[in-house]
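Structure first, commentary second.
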Amino acid sequence: MDSQLYTYELPDERIAKYPLPERDASKLLVFRNHNIEESIFRNVGSYLPEGAMLVFNNTKVIRARLAMHKSTGANIEVFCLEPTLPSDVQQAFAVKDVTEWKCIVGNSKKWKEGLITHTLNIGNDEVILSAERLSSADNTSIVRFTWNNNAYSFAEIIEHAGVTPIPPYLNRETEDIDNTRYQTVYSEHKGSVAAPTAGLHFTNSVLDEIKSNGHELVNLTLHVGAGTFKPIQTADVKDHVMHSEHIVVTKESILSILNNAKAGKKLIAVGTTSVRTLESLYWLGVKRLQNQNIDSLAQWDAYNLPQNVSLVDSFSALMDYLSENELDEVHSATQIMIVPGYTLRVIDGLITNFHQPHSTLLLLIAAVVGDDWHKIYDYALSHDFRFLSYGDSSLLMRQ
């Protein structure tokens with residue numbers, strides 16, 4: 001696949017640098033039956049198929065950027081990507097003594113060895129956070145964090161010491177507004193370094209209206225990694241190395257999706273991260289039916305596994321797996337890469353923002369709407385839609 005077929009010209013002035021004053025005042029592009037309509041996001045419920053299920057990613061963005069200092073006075077930025085010890089996100093945030101994370105280190109040349117520190121205040125306590133660089137590879141480092149007061153968990157430490165990591169294409173420093181607006185109103189589980197931005201448009205009133213109109217709302221969790229911003233730099237799409245992200249889905253959510261499928265109702269994913277999680281769940285179920293391990297899904301597994309398993313059979317296999325192992329959640333890692341030609345197994349449409357040229361997210365959009373992605377993006381560019389994380393929204397139905 002030629003990666004040059006999945007790009008477009010995005011002028012810098014079309015990138016929304018700040019959110020609108022009201023979340024649900026964003027413009028909404030509705031794409032159905034190869035036709036485009038334009039509306040306001042707060043009206044999104046009126047465009048949903050009758051009795052549809054909406055699936056949300058309830059991950060929460062952490063304050064992952066830490067400004068630290070050497071004893072010499074040199075400033076070092078440590079950007080926490082994912083925990084390695086403990087490797088489970090929830091456990092890593094709960095520890096009160098030491099944790100190790102994969103990080104990107106800014107001003108790296110000035111930190112060869114030794115400790116760097118950050119002094120923070122939590123209530124009346126002064127706490128010193130220390131970091132030690134253990135190893136480096138592929139532009140990332142394993143960093144060990146310790147702090148001198150075990151009354152506080154790492155979640156509390158990073159909440160007071162860190163800064164919300166807004167996307168690099170905003171070309172500005174994090175501001176107070178980002179602490180609330182670069183977070184969905186339904187965010188719950190800490191672990192992402194980038195927001196699931198399709199959800200930024202939802203308000204509690206919009207959610208309440210959708211529920212009152214007979215739609216079912218279901219949550220799952222995919223912790224978004226920095227790899228979501230990695231452009232495709234290879235000439236052939238298949239040579240791009242997709243990043244891996246951790247997913248957690250409850251037994252209750254899997255059962256709801258299974259029952260929705262049995263009832264023949266439509267399912268709308270809120271955001272590309274929800275699409276990745278839902279489609280990954282399907283293939284994990286297929287792997288289970290093949291007596292394979294479901295701890296992870298590799299980049300091209302979806303194209304090599306049996307293609308004739310129904311959604312009901314796949315999700316039933318996941319339910320059996322949870323029951324047999326007395327588990328309440330599926331924990332796995334997904335590296336799935338959804339590209340044009342991929343057959344969507346779970347979703348009937350998605351709510352999403354407008355994505356970067358040369359991105360894996362744009363490829364996913366093309367997998368949903370086919371070549372009509374050109375028409376959709378041309379319309380958005382010519383009708384003053386705002387692009388990327390703080391930009392406007394779209395509801396795209398499968399063709």
Would you list the atom pairs, donor with acceptor, under 3.5 Å between side chains in residues 71-83 and any protein atom, with sequence neighbours excluded?
unit_1, atom_1, unit_2, atom_2, d
Asn75, OD1, His69, ND1, 2.8
Glu77, OE1, Arg65, NH1, 2.7

Under a 3.5 Å threshold, yes or no: a donor from one side chain and an acceptor from the other, between [X] and [Y]?
{"X": "Gln307", "Y": "Arg345", "answer": "yes"}
{"X": "Glu209", "Y": "Ser212", "answer": "no"}
{"X": "Tyr390", "Y": "Asn353", "answer": "no"}
{"X": "Ser323", "Y": "Lys251", "answer": "yes"}
{"X": "Arg133", "Y": "Ser136", "answer": "yes"}
{"X": "Ser310", "Y": "Asp313", "answer": "yes"}
{"X": "Thr234", "Y": "His240", "answer": "no"}
{"X": "Ser253", "Y": "Thr250", "answer": "yes"}
{"X": "His355", "Y": "Thr352", "answer": "yes"}
{"X": "Thr221", "Y": "Asn58", "answer": "yes"}
{"X": "Asn179", "Y": "Thr164", "answer": "yes"}
{"X": "His243", "Y": "Glu245", "answer": "yes"}
{"X": "Tyr6", "Y": "Ser359", "answer": "no"}
{"X": "Asp178", "Y": "Thr174", "answer": "no"}

Closest non-hydrogen atom pair, Thr99 against Pro86: OG1-CD, 4.0 Å
Drop me the distance from [X]'s [atom1] to [Y]'s [atom2], to the nearest 0.5 angstrom.
{"X": "Ile232", "Y": "Leu362", "atom1": "CD1", "atom2": "CG", "result": "8.0 Å"}
{"X": "Ile104", "Y": "Ser141", "atom1": "CD1", "atom2": "OG", "result": "9.5 Å"}
{"X": "Leu284", "Y": "Ser332", "atom1": "CG", "atom2": "OG", "result": "4.5 Å"}
{"X": "Thr203", "Y": "Glu22", "atom1": "OG1", "atom2": "CD", "result": "9.5 Å"}
{"X": "Tyr47", "Y": "Leu28", "atom1": "OH", "atom2": "CG", "result": "7.0 Å"}

Worked check of side chain to side chain contact (heavy atoms under 4.5 Å, CB included) between Glu113 and Glu132: CA-CA 7 Å; Glu113 58 184 16; Glu132 178 185 4; over 6 Å; no
[atom1] ([X]) with more than 12 external heavy atoms under 6.0 Å:
{"X": "Lys110", "atom1": "NZ", "answer": "no"}
{"X": "Lys17", "atom1": "NZ", "answer": "yes"}
{"X": "Asp371", "atom1": "CG", "answer": "no"}
{"X": "Lys266", "atom1": "NZ", "answer": "no"}
{"X": "Lys27", "atom1": "NZ", "answer": "yes"}

Shared hydrophobic cluster for Leu361 and Phe229 (ILVMFWY, side-chain gaps under 4.5 Å): no
With Glu329 via salt bridge (charged side-chain N to carboxylate O under 4.0 Å, His left out) - residues at least two apart: none
Partners meeting salt bridge (charged side-chain N to carboxylate O under 4.0 Å, His left out) with Glu324 (sequence neighbours left out): Arg288
[X] side chain near [Y] side chain, heavy-atom distance below 4.5 Å:
{"X": "Val61", "Y": "Val193", "value": "no"}
{"X": "Leu381", "Y": "Tyr8", "value": "yes"}
{"X": "Leu207", "Y": "Tyr186", "value": "yes"}
{"X": "His358", "Y": "Gln4", "value": "yes"}

Aromatic rings [X] and [Y]: how do their planes relate, parallel, tilted or perpendicular, breaks at 30° and 60°?
{"X": "His383", "Y": "Tyr379", "answer": "parallel"}
{"X": "Phe385", "Y": "Phe354", "answer": "perpendicular"}
{"X": "His331", "Y": "His246", "answer": "tilted"}
{"X": "Trp147", "Y": "Phe154", "answer": "tilted"}
{"X": "Phe41", "Y": "Phe202", "answer": "perpendicular"}

Under the 3.5 angstrom rule, does the side chain of [X] hit a backbone N or O of [Y] as a donor-acceptor pair?
{"X": "Asp125", "Y": "Asn121", "result": "no"}
{"X": "Asn57", "Y": "Thr59", "result": "yes"}
{"X": "Lys238", "Y": "Met1", "result": "no"}
{"X": "Thr228", "Y": "Gly225", "result": "no"}
{"X": "Thr184", "Y": "Ser187", "result": "yes"}
{"X": "Thr334", "Y": "Ile336", "result": "yes"}
{"X": "Arg63", "Y": "His160", "result": "no"}
{"X": "Asp88", "Y": "Gln90", "result": "yes"}
{"X": "Ser3", "Y": "Ala235", "result": "yes"}

Cation-aromatic face contact Arg172/Tyr18, 6.0 Å, 45 degrees: yes
Stepwise side chain to side chain contact (heavy atoms under 4.5 Å, CB included) test for Val346 and Leu267: CA-CA 7 Å; Val346 185; Leu267 186 149; 4.2 Å; yes
Check: Tyr282 ring centroid to Phe315 ring centroid under 6.0 Å: no
Verdict with supporting geometry, Phe31 and Glu37, side chain to side chain contact (heavy atoms under 4.5 Å, CB included): CA-CA 7 Å; Phe31 177 75; Glu37 300 174 63; over 6 Å; no
Test side chain to side chain contact (heavy atoms under 4.5 Å, CB included) applied to Leu54 and Glu216, step by step: CA-CA 6 Å; Leu54 270 69; Glu216 186 175 359; over 6 Å; no
Ion pair check, Asp24 and Arg42, cut-off under 4.0 Å: yes
